[in-house]
Novice: 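One structure coming up, written as structure tokens, with questions to follow.
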Protein chains: 2
Amino acid sequence: MSQCALKIDKLPSVRRLPAYLHLLRELSGKGEQFVSSPYLAEKMHIEAILVRKDLELARINGTPRVGYCIADLIKGIEDFLGWGETLDAFLVGVGQLGASILGNRELMNFGLKIVAAFDVNPRKVGATVHGVPVFDSARLEELLSRLQVSIAILCVPAAEAQQVTDVLVASGVKGIWNFTSENLAVPEDVITQKEDLASGLAVLSVKLTRNKPPTH
Amino acid sequence: MSQCALKIDKLPSVRRLPAYLHLLRELSGKGEQFVSSPYLAEKMHIEAILVRKDLELARINGTPRVGYCIADLIKGIEDFLGWGETLDAFLVGVGQLGASILGNRELMNFGLKIVAAFDVNPRKVGATVHGVPVFDSARLEELLSRLQVSIAILCVPAAEAQQVTDVLVASGVKGIWNFTSENLAVPEDVITQKEDLASGLAVLSVKLTRNKPPTH
DNA sequence: AGTAATTTGATAAAATTTTATCTATAAAAA
DNA sequence: TTTTTATAGATAAAATTTTATCAAATTACT
């Protein structure tokens, strides 16, 4: 087995890393130097041992009775996620959702900088939404190749999702953050990440019904 | 072990159910009667056996060589999720994100009906956003007890999240769909579901970096 | 009618994720 | 200084989730 083939999945852990990062930055802002796994566990509502397992990804050593150095942890997590230097991204589809993503100041803290947005609506083209210029979707291909952007945020209506995706892929986009309800078809070397509001609601619904007193 | 204590977790499966529902409704709309696990698997980019495992939750029997009855599946999934009859919900915080959630027509298909929104901004109070009236946040407690709403969608700034949560909990809210970056503290009998944009981005980032050719 | 092909569903295995246990270590307290 | 306490980290166990295997069932084909 080659040194490159080591599987570093741990997707559930990866999913929790941004929450740690958020907490750690908050603590850092308050001037804290160290943090312990029990502290983080309490905040995150998980077990301390799980926190330690998660933080193994950051490859930072803590010290007994003291905890982890917050600055090191932040750096370690950022490095693991590749959020050291921010990546440029395009956003396609400046509807309600697209606009709210453009307005999300926090994204910049997450390794992503949206440098341009695209829409088919002529009344939106030319405008600037939260500091991001909106271009005509017809220029997507042109600007993609010009700016060498490899990440796209997809917020178009479901009916157009696959078609836009095909353009993105053809222009060399390697990662698509998919906010549509479509299951996109892409080549093997393109990564898609689908965000699905409903899945969270499903979890909430199930937990709520399980929480109710039985009705028999 | 009592008959009520049987653990019906399978959270990953639960998370996928809405995606099945979406596909099934689409097929149903096209007049299809039956669907097979290999078909759904291809659409969802997962294995057929996993589809069958997931669909066990709906407690619907398929027939060999034919598949599952789409109408039955839809009903079974809706019932499992408690999405048979829609629940009323309040939305608190009509910012960009809140407004985009109010505008999400699909939510109604997911067992949730937002009957009122709340904001502290006097310029928003009194308005109607996507058909939902916006009230002053000061009236949250009053209207919660009056309308007996048990689900809240939290879209306020992080700094106010816990404070608003305390009001919600005090007024009998049992489920909070949390779109803030705060880890809310709530009593044991209150369910919170935190939506975290960044976690999806983390997965995308990690997969992208793992996808790259090694640099040594 | 008989055969082949496809799909479900049951059972089992494998993989992943979470939790538990224990030792070593560093700091605080006695 | 010695003892106590809290925490990290290693190892192991348990729980969960995904994948595999195979028999039974049903349809389509010969």
Side-chain angles (χ1 to χ4, degrees), chain A residues 1 5-17 19-20 23-24 27 32-73 76-77 80 199 202-203 206-207 210, chain B residues 1 5-17 19-20 23-24 27 32-73 76-77 80 199 202-203 206-207 210:
Chain A
M1 190 194 286
L6 52 140
K7 272 181 94 178
I8 315 180
D9 276 351
K10 310 212 173 191
L11 245 27
S13 293
V14 170
R15 287 191 162 282
R16 284 186 292 268
L17 287 183
Y20 292 115
L23 280 170
L24 294 168
L27 289 169
E32 297 291 330
Q33 299 276 316
F34 295 91
V35 70
S36 69
S37 62
Y39 176 88
L40 291 171
E42 199 208 316
K43 289 291 183 184
M44 304 259 300
H45 306 118
I46 57 179
E47 301 291 319
I49 174 63
L50 185 51
V51 172
R52 292 198 293 276
K53 286 290 177 200
D54 288 344
L55 297 186
E56 280 178 4
L57 290 177
R59 308 196 126 280
I60 297 300
N61 284 305
T63 57
R65 185 79 202 232
V66 172
Y68 302 86
C69 170
I70 291 175
D72 290 353
L73 261 191
I77 293 174
F80 178 84
S199 72
V203 173
V206 167
K207 285 183 178 169
R210 296 291 169 283
Chain B
M1 189 192 288
L6 51 140
K7 273 181 92 178
I8 315 181
D9 276 352
K10 308 211 175 190
L11 244 29
S13 293
V14 170
R15 288 190 161 283
R16 283 186 292 267
L17 287 183
Y20 293 115
L23 280 169
L24 293 168
L27 289 170
E32 297 291 330
Q33 299 276 317
F34 294 91
V35 69
S36 69
S37 61
Y39 177 87
L40 290 170
E42 198 209 318
K43 289 291 183 184
M44 305 260 299
H45 305 119
I46 57 180
E47 300 292 319
I49 175 64
L50 184 52
V51 172
R52 292 199 292 276
K53 287 290 178 200
D54 289 343
L55 296 186
E56 280 178 4
L57 290 177
R59 309 195 127 279
I60 298 299
N61 285 306
T63 57
R65 186 77 203 233
V66 172
Y68 302 87
C69 171
I70 291 175
D72 290 353
L73 261 191
I77 293 175
F80 178 83
S199 73
V203 173
V206 167
K207 285 184 178 170
R210 297 291 168 282

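Naming convention: chains lettered A, B, ... in sequence-line order (proteins, then strands); numbering from 1 in each chain.
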Novice: Rounded to whole angstrom units, what separation is found between the CG atom of A:D54 and the C1' atom of C:dT19?
Specialist: 13 Å
Novice: So, using salt bridge (Lys or Arg N to Asp or Glu O under 4.0 Å) as the criterion, who are the partners of A:K43 when residues are at least two apart?
Specialist: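 Testing A:K43 for salt bridge (Lys or Arg N to Asp or Glu O under 4.0 Å), a comparison that skips the adjacent residues, returns none.
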Novice: Write down the distance between CZ (A:R65) and C1' (D:dT3), rounded to a whole number of angstrom.
Specialist: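 Taking atom C1' of D:dT3 as the reference, CZ of A:R65 is at 12 Å.
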Novice: Rounded to the nearest Å, what distance is computed from the CZ atom of residue B:F34 to the P atom of nucleotide D:dT26?
Specialist: 13 Å
Novice: Looking at residues 38-53 of chain A, who's got a heavy atom less than 4.0 Å off DNA chain C?
Specialist: A:E47, A:I49, A:L50, A:K53
Novice: Assess whether side chain to side chain contact (heavy atoms under 4.5 Å, CB included) is satisfied between A:Y68 and A:S36, documenting all intermediate values.
Specialist: CA-CA 6 Å; A:Y68 302 86; A:S36 69; over 6 Å; no
Novice: In terms of side-chain heavy atoms of B:L11, which of D:dT26, D:dT17, C:dA26 is nearest?
Specialist: D:dT17
Novice: Would you call A:M44 and A:L50 a side-chain contact if the rule is heavy atoms closer than 4.5 Å?
Specialist: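 They are not in side-chain contact.
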Novice: Which atoms form the tightest heavy-atom contact between A:I70 and A:L24, and what is the distance?
Specialist: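 Minimum heavy-atom contact is CG2-O, 3.5 Å.
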Novice: Rounded to the nearest angstrom, tell me the gap between atom CG in B:L55 and atom C1' in D:dT18.
Specialist: 15 Å
Novice: With a 4.0 Å cut-off on heavy atoms, is A:R15 in touch with a base, just the backbone sugar-phosphate, or nothing at all?
Specialist: nothing
Novice: In whole angstroms, how far is the P atom of C:dG9 from the CG atom of B:L57?
Specialist: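 For the pair B:L57 CG and C:dG9 P, the rounded distance is 13 Å.
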Novice: If you apply the rule side chain to side chain contact (heavy atoms under 4.5 Å, CB included), what do you find for B:K207 with A:L11, and how did you get there?
Specialist: CA-CA 10 Å; B:K207 285 184 178 170; A:L11 245 27; 4.3 Å; yes
Novice: Check salt bridge (Lys or Arg N to Asp or Glu O under 4.0 Å) between B:E32 and all other residues, then give those that pass, not counting sequence neighbours.
Specialist: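 Partners of B:E32 by the salt bridge (Lys or Arg N to Asp or Glu O under 4.0 Å) criterion come out as none, since no residue qualifies.
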Novice: Has B:R210 got its NZ or CZ under 6.0 Å from the middle of the six-membered ring of A:F80, at an angle within 45 degrees of the ring axis?
Specialist: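 Yes.
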Novice: If each of A:R16 and A:V66 is mapped to the nucleotide of DNA chain C with the nearest heavy atom, which maps nearer the 5' terminus, i.e. the 5' end?
Specialist: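 It is A:R16, whose closest nucleotide lies nearer the 5' terminus.
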Novice: If the cut-off is 4.0 Å, is A:N61 near the phosphate of D:dA8, judged by side-chain N/O to OP1 or OP2?
Specialist: no
Novice: Without decimals, in angstroms, what is the distance between B:E56 CD and D:dT17 P?
Specialist: 13 Å
Novice: Where the side chain of A:S37 is defined as all heavy atoms beyond and including C-beta, which of C:dT17, D:dA8, C:dG9 is the nearest nucleotide?
Specialist: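 Side chain of A:S37 sits closest to D:dA8.
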